[in-house]
Amino acid sequence: MNTALQEKQPLIQVSGLTVRYPTRGRIMTAVEDVNLTVREGEFITVLGPSGCGKTTVMNVIAGLVPPTEGSVLIDGEPVAGPSPDRAVVFQDYALMPWRTVEDNVRFGFEMQRSRASDTASKVAGAIEMVGLRGFEKSYPRELSGGMQQRVGLARAIVAEPRILLMDEPLGAVDALTREVMREEIERLFLATGKTVVFITHSIEEAILLGDRIVVFKSRPGAVLEIVETKMERPRSERGAQGDRRYIELRDHLWDVLQQEANEAVKLR
């Protein structure tokens, strides 16, 4: 992590977070004693096996799920519910099929009940930023998967939240589109300076995007390890293939996750 980020006070502080759900007549512990800090302007990637509680932690930060124990603070204040300072980008696009690109993006303002006089220009600016100029009047069914995800990104950034919470936003697109979108997300991060928490199953994606990588273990979910990437930006997959630091991180994370998978099998 660079020195400027290290000197900043935490924007997001997760302390002793435990979340339990009632399910099938018993109580399931989704995550237990999760501790994590995220500084303003930092890009955190969260990596781990399916069902390890990554999305649960993100939903608590978003204010969509209450903690059972522990706390989540934003700027020192407890999260009490959703807020305009946080926006969520989902894996499944979550677009309204009866709305055009323009209207789907505008929904970001409607959720805040915003009546700003410059709403139209901000919507246009967000559409321009994600490369969809000329598609303002198109409907989701007329767009590719990658383009639909760009609409989701535009909707998230249009109201200028401080924090972007991204739950495997590239999981539903093909490999080539995924690489293009990954570079687009990094470009938006560098252009806007947003604080980002990004969930992924891809080790390569976690390395290429993150300032730090938070590795989760399962049963119950908890932070297993936090790794600093220490790589210059911008980063490209092709350019990273011969980078010693990239190779070290990739091999280390594979070993950590493989060991965790083996331990999980033993517990079955």
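Panel note: side chain Arg150, backbone Val130; a donor-acceptor pair is recorded below 3.5 Å. A donor-acceptor pair is defined here as one N or O able to donate and one able to accept, closer than 3.5 Å; such a pair exists between the side chain of Thr100 and the backbone of Asp103. Between the side chain of Ser83 and the backbone N or O of Arg86 there is no donor-acceptor pair closer than 3.5 Å. At least one donor-acceptor pair closer than 3.5 Å links the side chain of Asn104 to the backbone N or O of Met96. Using modelled atom types, one side-chain atom of Glu142 and one backbone atom of Tyr139 make a donor-acceptor pair closer than 3.5 Å. Arg235 contributes a side-chain N or O that, together with a main-chain N or O of Met231, makes up a donor-acceptor pair within less than 3.5 Å. Side chain of Thr29 to main chain of Arg20: no donor-acceptor pair is present (N/O by atom type, distance under 3.5 Å, no hydrogens or angles). Gln149 places a side-chain N or O within donor-acceptor distance of the main-chain N or O of Phe90, the cut-off being under 3.5 Å. Put simply, the side chain of Thr23 never gets that close to the backbone of Met28: no donor and acceptor are under 3.5 Å apart.
Residues forming a salt bridge (Lys or Arg N to Asp or Glu O under 4.0 Å) with Arg233 (at least two apart in sequence, or on another chain): Glu186, Asp211. Among residues two or more places apart in sequence or in another chain, the ring-ring contact (aromatic ring centres under 6.0 Å, His included) test is passed with Tyr246 by none.
Residues Ile44 and Val196 are not in side-chain contact: their nearest non-hydrogen atoms beyond the backbone lie 4.5 Å or more apart. Residues Arg178 and Glu205 meet the side-chain proximity criterion, which asks for heavy atoms closer than 4.5 Å. Using a 4.5 Å heavy-atom threshold, the side chains of Val223 and Asn35 count as separate. Residues Ile207 and Arg250 form a side-chain contact, since some pair of their non-hydrogen atoms from C-beta on lies under 4.5 Å apart. Looking at Thr56 and Lys54, their side chains never come closer than 4.5 Å, going by heavy atoms from C-beta outward. Inter-residue side-chain proximity for Leu257 and Val215 is flagged as met; some heavy-atom pair is nearer than 4.5 Å. Under the 4.5 Å side-chain criterion, counting only non-hydrogen atoms from C-beta, Val105 is not in contact with Glu136.
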Candidate pair Arg212 and Val227, rule side-chain contact (heavy atoms from CB on, under 4.5 Å), full reasoning: CA-CA 5 Å; Arg212 289 187 295 153; Val227 182; over 6 Å; no
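For the residue pair Pro49 and His201, the shortest heavy atom distance occurs at C-NE2, 3.9 Å. The two residues Thr195 and Gly41 come nearest to each other via the heavy atoms OG1-N, 2.8 Å. Residues Val89 and Gly152 share a closest heavy-atom pair of CG2-O, 4.2 Å. Between Val123 and Arg106 the shortest heavy-atom distance is CG2-CA, 4.0 Å. Minimum interatomic distance between Ala62 and Val88 (heavy atoms only, all atoms of both residues): CB-CG2, 3.9 Å. In plain terms, the two heavy atoms of Glu168 and Thr200 that are nearest each other are CG-CA, 4.1 Å.
When each of Ile185, Thr45, Val197 is paired with Met166, the side chain to side chain contact (heavy atoms under 4.5 Å, CB included) condition holds for Ile185 and for no other. Considering Ile12, Ile61, Ile163 as possible partners of Val38, the one that fulfils the side chain to side chain contact (heavy atoms under 4.5 Å, CB included) test is Ile12.
We find that Glu260 and Lys217 are not joined by a salt bridge, their nearest charged nitrogen and carboxylate oxygen being 4.0 Å or further apart. Taking the charged nitrogens against the carboxylate oxygens, Arg162 and Glu40 do have a contact shorter than 4.0 Å, which makes a salt bridge. Electrostatic pairing of Arg39 and Glu42 does not count as a salt bridge here, judged by no charged N lying under 4.0 Å from a carboxylate O.
Cluster membership for Leu208 and Ile199, using ILVMFWY side-chain heavy atoms within less than 4.5 angstrom, is not shared.
The environment of CZ in Arg245 is crowded: more than 12 heavy-atom neighbours from other residues, nucleotides or ligands sit within 6.0 Å. Around atom CE of Met147, more than 12 heavy atoms belonging to other residues, nucleotides or ligands sit under 6.0 Å away.
Under the 30°/60° scheme for interplanar angles, the aromatic rings of Phe189 and Phe43 are found to stand perpendicular.
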